[in-house]
Amino acid sequence: MSATASFTVPTPRGPEDVAVSYARVGRGEPLVLLHGIGHHRQAWDPVVDILATEREVIAVDLPGFGASPALPPALAYDLPTTNAVLGALFETLELDRPHIAGNSLGGLLALELGREKLVRSVTALSPAGFWTEAERRYAFATLLAMRGVAQRLPVPVVERLSRSTAGRTALMSTIYARPARRDPAAVVAETRALVEATGFTATLRSGNAVRFTDPLPGLPVTVAWGSRDRLLLRRQGVRAKQTIPHARLIRLPGCGHCPMNDDPALVARVILDGSREDSPSKD
């Protein structure tokens with residue numbers, strides 16, 4: 001069931017009102033899911049029902065994405081602000097250090113929340129922040145190109161393309177290794193989400209100098225990378241392991257940048273295993 005949480009976030013000019021859309025389902029220890037840039041919480045739909053058998057799942061639309069409104073002008077789309085917003089969301093929803101899983105930008109945010117000790121475990125799927133400068137420029141240029149194409153395509157054209165395997169491949173092959181498996185309605189919805197993402201440009205701009213460098217001692221961390229990730233190349237997973245030596249580094253065979261749709265059963269198992277606090281970390 002979808003809902004909206006409203007709360008205030010402090011700024012140098014005083015408290016600002018923020019609203020965040022989310023969906024909550026299942027029972028068990030809370031698990032928050034964070035999507036990537038230009039996406040929306042429905043990116044997690046292929047795995048939510050599996051996760052909900054063991055966890056209370058809270059899938060979030062980040063501010064300025066999906067159904068969540070843009071941030072007020074006084075708030076920047078940067079990591080400190082997003083940490084503060086998500087921390088306030090946890091407090092509003094009475095989530096005491098939930099488990100967290102994120103993909104791409106969401107993976108970086110999950111790691112940041114781990115650094116702030118606001119979560120009890122982190123699972124990061126192809127997280128941003130472990131790139132070289134050349135890799136970052138490539139990823140950002142690819143994202144801008146994807147959005148440019150989506151902005152130029154009329155909705156009826158997207159709907160027509162989504163109904164064929166070739167069309168879904170043309171629209172989604174950058175982020176999915178198996179785009180033909182994506183539901184046509186979901187392809188239309190996420191293409192529109194990319195176009196309508198009010199936080200896209202500012203979020204991308206704020207990532208120019210981002211690198212994640214904290215080893216996150218004492219926190220269970222899983223980093224998983226699709227073997228066919230075309231956006232953030234899988235060698236970045238090796239750098240993540242070097243940065244967080246105790247993390248479990250898991251390869252997702254046959255999966256792309258957003259692996260939840262490519263292999264839902266595998267991704268759900270990785271997330272559930274990563275959110276078991278007594279699961280051993282592998283060096």
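Residues Phe65 and Ala197 share a closest heavy-atom pair of CD2-CB, 3.5 Å. Taking both residues in full, the closest heavy atoms of Leu219 and Arg97 are given as CD1-NH2, 4.4 Å, listed atom of the first, atom of the second, then distance. In plain terms, the two heavy atoms of Asp229 and Leu233 that are nearest each other are O-CD2, 3.7 Å. Ser126 and Leu232 get closest at one heavy-atom pair: O-CD1, 3.4 Å. Counting all heavy atoms, side chain and backbone alike, Gly254 lies closest to Arg178 at O-NH1, 3.3 Å. Contact detail for Phe200 and Leu143: the closest heavy-atom pair is CZ-O, 3.9 Å.
Formation of a donor-acceptor pair under 3.5 Å by the Ser206 side chain with backbone atoms of Tyr77 is found in this model. Judged by distance alone, with hydrogens and angles left aside, the side-chain atoms of Ser68 form no donor-acceptor pair with the main-chain N or O of Gly64 at under 3.5 Å. Counting only distance, with no hydrogens or angles, the side chain of Asp273 and the backbone of Val270 share no donor-acceptor pair below 3.5 Å. Not a single donor-acceptor pair under 3.5 Å links the side chain of Asp214 to the backbone N or O of Arg115. Judged purely by atom type and a 3.5 angstrom limit, Trp131 uses its side chain to pair as donor or acceptor with the backbone of Val210. Judged by distance alone, with hydrogens and angles left aside, the side-chain atoms of Lys241 form a donor-acceptor pair with the main-chain N or O of Ala247 at under 3.5 Å. A donor-acceptor pair under 3.5 Å is formed between the side chain of Thr53 and the backbone N or O of Ile50.
A heavy-atom distance below 4.5 Å is found between the side chains of Asn103 and Cys258. Contact annotation: the side chain of Met146 approaches that of Leu194 to within less than 4.5 Å [non-hydrogen atoms, C-beta and beyond]. Side-chain contact between Ile58 and Phe90: absent, with no pair of heavy atoms (C-beta onward) separated by less than 4.5 Å. Within the 4.5 Å cutoff, no side-chain heavy atoms of Thr169 are placed close to those of Tyr176. Considering only heavy atoms from C-beta on, Pro154 comes within 4.5 Å of Val157 through its side chain. Side-chain atoms of His39 and Ile175, non-hydrogen and from C-beta on, do get closer than 4.5 Å to each other. A heavy-atom distance below 4.5 Å is found between the side chains of Ser275 and Arg55. Taking 4.5 Å as the limit, every side-chain heavy atom of Phe130 sits out of range of all side-chain heavy atoms of Val223.
A 6.0 Å sphere centred on CD of Glu94 holds no more than 12 heavy atoms belonging to other residues, nucleotides or ligands.
For Arg230 and Thr174, the side-chain atoms include no donor-acceptor pair closer than 3.5 Å. With no hydrogens or angles considered, no side-chain donor-acceptor pair links Arg234 and Ser227 at under 3.5 Å. Under 3.5 Å, the side chains of Ser104 and His257 contain a donor-acceptor pair of N or O atoms. Using modelled atom types, one finds no donor on one side chain facing an acceptor on the other under 3.5 Å when comparing His40 with Glu190.
Of the options Arg27, Arg276, Arg269, a salt bridge (charged side-chain N to carboxylate O under 4.0 Å, His left out) to Glu54 is made by Arg276 and by none of the others.
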Trp44/Ile271 under side chain to side chain contact (heavy atoms under 4.5 Å, CB included): CA gap, chis, key distance, verdict: CA-CA 12 Å; Trp44 295 98; Ile271 293 172; 3.8 Å; yes

Please step through side chain to side chain contact (heavy atoms under 4.5 Å, CB included) for the pair Leu153 and Thr191, ending with a clear verdict. CA-CA 9 Å; Leu153 288 176; Thr191 301; 5.6 Å; no

Apply side chain to side chain contact (heavy atoms under 4.5 Å, CB included) to Val195 and Gln151, showing your working. CA-CA 6 Å; Val195 171; Gln151 288 172 325; 4.2 Å; yes

Might you work through the side chain to side chain contact (heavy atoms under 4.5 Å, CB included) test for Leu252 and Asp263, ending with a clear yes or no? CA-CA 8 Å; Leu252 303 175; Asp263 195 335; over 6 Å; no

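Val122 and Ile250 sit in two unconnected hydrophobic clusters of ILVMFWY residues. Membership requires side-chain heavy atoms under 4.5 Å apart, directly or through other members. Hydrophobic clustering (ILVMFWY, side-chain heavy atoms < 4.5 Å, transitive): Leu105 and Val221 are in one cluster. Val119 is connected to Leu89 through a chain of hydrophobic side-chain contacts under 4.5 Å among Ile, Leu, Val, Met, Phe, Trp and Tyr, so both are in one cluster. Linking ILVMFWY side-chain heavy atoms closer than 4.5 Å, directly or via other members, places Leu125 and Leu33 in a single hydrophobic cluster. Hydrophobic cluster membership differs between Leu34 and Met260, with clusters built from Ile, Leu, Val, Met, Phe, Trp and Tyr side chains linked at under 4.5 angstrom.
To the nearest 0.5 Å, atom CG of residue Asp183 and atom OG of residue Ser162 are 8.5 Å apart. Here CZ of Phe7 is found 10.0 Å from CG of Asp17. Values are rounded to the nearest 0.5 Å. Rounded to the nearest 0.5 angstrom, Leu86 CG and Glu112 CD are separated by 11.0 Å. Summarising the geometry, atom CG belonging to Leu62 is positioned 3.5 Å from atom NE2 belonging to His35; distances are rounded to the nearest 0.5 Å. Separating the CG atom in Leu31 from the CG atom in Leu272 is a distance of 7.5 Å, to the nearest 0.5 Å. Once rounded to the nearest 0.5 Å, the distance linking CZ of Arg24 with OG of Ser2 reads 13.5 Å.
Between Glu135 and Arg235 there is a salt bridge, since at least one side-chain N of the basic residue sits less than 4.0 Å from a carboxylate O of the acidic one. A salt bridge does not link Glu159 to Arg192: none of the charged side-chain nitrogens sits closer than 4.0 Å to a carboxylate oxygen.
Cation-pi geometry between Arg136 and Phe140 is satisfied (NZ or CZ under 6.0 Å from the ring centre, within 45° of the ring normal).
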